Amino acid sequence: GSPMLPVVGTQVFRFKEATEKMSLKVDEKSIIRIVSEPADLSNADITCELLQGSTRIATADSLGQLLAEVQPGSYDLALTPKAKSPFLVTVGLATVSRLKEDFALQDS
């Protein structure tokens with residue numbers, strides 16, 4: 001089974017550049033969930049993309065939520081707000097093998 005426990009973390013992003021990037025590295029097939037919430041509701045528009053190199057893997061919906069299944073590798077999360085307003089960004093990460101183990105335990 002997977003030794004990695006699911007991880008969830010939230011950070012406030014203040015944007016100095018038009019786009020800010022955060023690097024992620026996963027060692028096995030995983031599920032990533034990103035939620036981008038505006039600190040100022042009058043500036044709620046943000047583009048959130050998960051990239052592997054120059055390839056776009058996933059893009060958030062109009063509410064700033066992104067969900068993707070990813071293979072082992074390195075990724076960048078690119079956040080581009082329409083206005084330079086802070087956002088609360090929550091990242092959730094769980095390996096597929098750990099999720100399967102957890103679901104199997106619920107059934108026993």
Side-chain angles (χ1 to χ4, degrees):
S2 174
M4 185 178 145
L5 292 173
V7 177
V8 176
T10 300
Q11 183 172 342
V12 175
F13 274 76
R14 287 180 169 67
F15 294 89
K16 296 177 185 155
E17 304 294 327
T19 299
E20 294 286 340
K21 288 188 177 179
M22 175 175 67
S23 296
L24 303 166
K25 183 174 186 253
V26 295
D27 293 329
E28 60 180 279
K29 188 174 175 181
S30 300
I31 303 294
I32 294 177
R33 180 161 190 250
I34 313 290
V35 178
S36 305
E37 302 171 275
D40 177 357
L41 290 177
S42 67
N43 292 314
D45 292 333
I46 190 167
T47 300
C48 175
E49 297 176 311
L50 185 64
L51 307 166
Q52 189 170 37
S54 60
T55 303
R56 184 183 310 129
I57 304 299
T59 302
D61 63 15
S62 62
L63 299 175
Q65 299 184 48
L66 179 149
L67 181 66
E69 180 181 276
V70 296
Q71 299 299 323
S74 296
Y75 298 87
D76 286 315
L77 177 64
L79 301 164
T80 309
K82 301 294 186 257
K84 286 193 177 186
S85 175
F87 277 77
L88 292 171
V89 178
T90 300
V91 177
L93 176 66
T95 61
V96 171
S97 62
R98 180 61 190 236
L99 288 171
K100 286 179 181 177
E101 288 174 27
D102 289 349
F103 285 131
L105 289 174
Q106 285 182 346
D107 291 338
S108 58

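Just so it is clear, the model here is predicted, and its values are computed rather than measured. When reading the values below, keep in mind they use all heavy atoms of this one structure, side chains included, and skip hydrogens, waters and symmetry mates. In this chain, residues are counted from 1 in sequence order.
- Contact annotation: the side chain of L51 never approaches that of I57 to less than 4.5 Å [non-hydrogen atoms, C-beta and beyond].
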May I have the step-by-step check of side-chain contact (heavy atoms from CB on, under 4.5 Å) for V8 and T90, ending in yes or no?
-> CA-CA 7 Å; V8 176; T90 300; 3.8 Å; yes

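- Within the model, atoms CZ of F15 and CD1 of I46 stand 4.0 Å from one another, a figure rounded to the nearest 0.5 Å.
- Remark: side-chain polar atoms of D76 are not paired, donor with acceptor, to backbone N or O of A78 under 3.5 angstrom.
- The two residues I32 and V70 make their nearest non-hydrogen contact at CD1-CG2, 3.7 Å.
- Smallest separation of non-hydrogen atoms from E49 and R56: OE2-NE, 2.7 Å.
- Contacts of E69 classified as salt bridge (Lys or Arg N to Asp or Glu O under 4.0 Å), with partners at least two apart in sequence or in another chain: K29.
- Residues meeting the side-chain hydrogen bond (donor to acceptor under 3.5 Å, both in side chains) test with S62, sequence neighbours left out: none.
- Looking at heavy atoms from C-beta onward, L79 lies in side-chain contact with F13 at the 4.5 angstrom threshold.
- To the nearest 0.5 Å, atom CG of residue L50 and atom CG of residue L24 are 7.0 Å apart.
- Residue I34 holds its CD1 atom at 5.0 Å from CE of M22, rounded to the nearest 0.5 Å.
- Taking the side-chain hydrogen bond (donor to acceptor under 3.5 Å, both in side chains) definition, one finds that Q52 meets it with nothing, sequence neighbours left out.
- Considering only heavy atoms from C-beta on, R33 comes within 4.5 Å of Q65 through its side chain.
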Could you tabulate the donor-acceptor pairs under 3.5 Å formed by side-chain atoms of residues 35-42, not counting sequence neighbours?
residue : atom : partner : partner atom : Å
D40     : OD1  : S42     : N            : 3.0
D40     : OD1  : S42     : OG           : 2.7
D40     : OD2  : S42     : OG           : 3.2
D40     : OD2  : N43     : ND2          : 3.3

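- Between the side chain of S30 and the main chain of E28, a donor-acceptor pair closer than 3.5 Å is present.
- Remark: K21 engages no residue in a salt bridge (Lys or Arg N to Asp or Glu O under 4.0 Å) (not counting sequence neighbours).
- Residues passing the side-chain hydrogen bond (donor to acceptor under 3.5 Å, both in side chains) test with K82 are T47, sequence neighbours excluded.
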May I have the step-by-step check of side-chain contact (heavy atoms from CB on, under 4.5 Å) for V12 and F87, ending in yes or no?
-> CA-CA 6 Å; V12 175; F87 277 77; over 6 Å; no

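- Annotation for L66 and A60: closest pair CD1-N, 3.7 Å, computed over non-hydrogen atoms.
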